[in-house]
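Heavy atoms only: backbone and side chains are in, while hydrogens, waters and symmetry mates are out. In this chain, residues are counted from 1 in sequence order.
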Amino acid sequence: MAESPFVIQNDRMVTLETPRLILRRWREEDVAPMAAVNADPEVMRWIRDGSVRDEQQTRGGVRAWESEWESQGFGLFVFGGMYV
């Protein structure tokens, strides 16, 4: 039987890992790289109204996503390959 790609922490799935992909919850060190993505007009023109976001706005988004994890037990993952 194949090994499960799920890593369980505190009785909740918080990381999905395969040989080519890691999805996990947000960490403090994810804010700056995500803020750089959010500050790029070429990226953001495809997202919502196209407005860029600064680091403070990005940090607020990450807090909101993590709050969803805490209150609902699920939320947005960080794509582990994004910053590699």
Please determine if R27 and E66 form a salt bridge, counting it only when a charged side-chain N lies under 4.0 Å from a carboxylate O.
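Judged by the 4.0 Å cut-off on N to carboxylate O distance, R27 and E66 do not form a salt bridge.
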State whether R25 and D30 are salt-bridged, where the test is any N-O pair (Lys NZ or Arg NE/NH1/NH2 against Asp/Glu carboxylate O) under 4.0 Å.
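Result for this pair is no, no salt bridge flagged.
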For R59, what residues pass the side-chain contact (heavy atoms from CB on, under 4.5 Å) criterion, not counting sequence neighbours?
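R59 satisfies side-chain contact (heavy atoms from CB on, under 4.5 Å) with E28, V31, E55, R63 only.
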So how far is it from [X] [atom1] to [Y] [atom2], rounded to the nearest 0.5 Å?
{"X": "R53", "Y": "T58", "atom1": "CZ", "atom2": "OG1", "result": "7.0 Å"}
{"X": "L21", "Y": "L16", "atom1": "CG", "atom2": "CG", "result": "6.0 Å"}
{"X": "I22", "Y": "F79", "atom1": "CD1", "atom2": "CZ", "result": "9.5 Å"}

Is a side-chain donor or acceptor of Q57 paired with a backbone partner of D54 at a separation under 3.5 angstrom?
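Yes.
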Taking every non-hydrogen atom, the tightest pair across M44 and V52:
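Scanning both residues completely, I find the closest heavy atoms to be CG-CA, 4.1 Å.
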ring-ring contact (aromatic ring centres under 6.0 Å, His included) pairs, two or more places apart, involving residues 31-66
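The answer is W26-W65.
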